[in-house]
S.K.: 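One structure follows; several queries about it will come next.
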Amino acid sequence: METQEIIERFAILCISIVAIYYFTNKNRRFRLHPLFSLVSICTFFMCLIFKQVEMTVGIGFGLFAVFSILRFRTESFSIQTVIFLFVSITLSMLDILLPIDHLEFLLGINLVIVLCYVYLNFLEKKTPSSSEKNVIEIIVSTDFMSLDETEKRVFLSERIQFKTFSYQIKTINLIENVVIIKVSY
């Protein structure tokens, strides 16, 4: 593979990752850290080296084990973060490992993946997730626990002035005789 072809493939990857990163962070409370983009760049160059140097399957399994250990040693990732990482790693591997004489085909593959990602991201933003709903906490006495389900819903409906809502008991404090209820509407 010539240097110009590597640069062209790397440019395609960078444009794709920037587009995906932009549309992931656009109008969202949750933001991806920009350093997540380095995962795809590192994967690109790692695959380039693997393509140039003869490697065995054992090295691939070793890398998989390292990534698995890292996964269990860090905090849990959100679904958006995991999808971004998966797509960026996939794009970087396709961009360097796919044996294609014409880069237009590779550009088309990247374009299809990015457009699908953007479209699905748009659809996901149109429907509010449970984290984007309005949430309030209500503190009531422990007598609330003795009510049946319909009485609990009527009680909460009178408090929040909404007919459609969901609730969850967050905390029961028997020392102070209070119940903290998380209500989403």
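Scope of the values below: all heavy atoms of this structure, side chains included, with no hydrogens, waters or symmetry mates.
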S.K.: Transitively linked via ILVMFWY side-chain contacts under 4.5 Å: Phe86 with Ile41?
M.R.: no
S.K.: Counting only heavy atoms not in Leu111, do more than 12 fall under 6.0 Å of its CG?
M.R.: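 Yes.
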S.K.: When rounded to the nearest 0.5 angstrom, what is the spacing between CZ in Phe165 and CD1 in Ile160?
M.R.: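 These two atoms lie 5.0 Å from each other.
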S.K.: How long is the span from the CG atom in Leu13 to the CZ atom in Phe45, to the nearest 0.5 Å?
M.R.: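 That separation rounds to 8.5 Å.
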S.K.: For Phe162, is there any backbone N or O sitting under 3.5 Å from a side-chain donor or acceptor partner on Ser157?
M.R.: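 Indeed, once roles are kept as given, a pair shorter than 3.5 Å links the two residues.
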S.K.: For the hydrophobic clusters of this structure (ILVMFWY residues joined by side-chain heavy atoms under 4.5 Å, transitively), does one cluster hold both Tyr22 and Val118?
M.R.: yes
S.K.: Carefully, step by step, assess Val87 and Leu91 under the rule side-chain contact (heavy atoms from CB on, under 4.5 Å).
M.R.: CA-CA 6 Å; Val87 170; Leu91 285 173; 4.0 Å; yes
S.K.: Asn110 and side chain to side chain contact (heavy atoms under 4.5 Å, CB included): which partner among Asp95, Ile17, Ile20?
M.R.: Asp95
S.K.: What heavy-atom pair brings Ala19 and Val114 nearest, and what distance separates the two atoms?
M.R.: CB-CG1, 3.9 Å
S.K.: Could you check Glu137 against Val183 for side-chain contact (heavy atoms from CB on, under 4.5 Å), going step by step and ending with a plain yes or no?
M.R.: CA-CA 6 Å; Glu137 289 185 356; Val183 181; over 6 Å; no
S.K.: Yes or no on side-chain contact (heavy atoms from CB on, under 4.5 Å) for Ile181 and Lys170, after CA distance, side-chain angles and deciding distance?
M.R.: CA-CA 5 Å; Ile181 304 168; Lys170 185 176 176 183; over 6 Å; no
S.K.: Taking side chain as C-beta onward, heavy atoms only, is Asn173 less than 4.5 Å from Val179?
M.R.: no
S.K.: Within a reach of under 6.0 Å around CD of Glu149, are more than 12 heavy atoms found that belong to other residues, nucleotides or ligands?
M.R.: yes
S.K.: Any side-chain heavy atom of Thr142 within less than 4.5 Å of one from Val178?
M.R.: no
S.K.: Under 3.5 Å, side chain of Glu151 to main-chain N/O of Asp148, donor-acceptor pair present?
M.R.: yes
S.K.: Would you indicate whether the side-chain heavy atoms of Val154 and Glu158 approach each other to under 4.5 Å?
M.R.: yes
S.K.: Check the angle between the aromatic planes of Tyr167 and Phe144 and answer parallel, tilted or perpendicular using the 30° and 60° thresholds.
M.R.: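 The rings of Tyr167 and Phe144 stand perpendicular, inter-plane angle above 60°.
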S.K.: Starting at OG of Ser166, measure out to NZ of Lys182 and round the result to the nearest 0.5 Å.
M.R.: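 With rounding to 0.5 Å, OG (Ser166) is 9.0 Å from NZ (Lys182).
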S.K.: I'd like to know if the side chain of Arg9 and the backbone of Leu106 have a donor-acceptor N/O pair within less than 3.5 Å.
M.R.: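 Not a single qualifying donor-acceptor pair exists.
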S.K.: Under the side-chain contact (heavy atoms from CB on, under 4.5 Å) criterion, do Arg159 and Val140 qualify, and how do the steps go?
M.R.: CA-CA 10 Å; Arg159 285 279 184 102; Val140 295; 3.8 Å; yes
S.K.: Is there a continuous path of hydrophobic side-chain contacts, each under 4.5 Å between heavy atoms, that joins Leu174 to Met145?
M.R.: yes
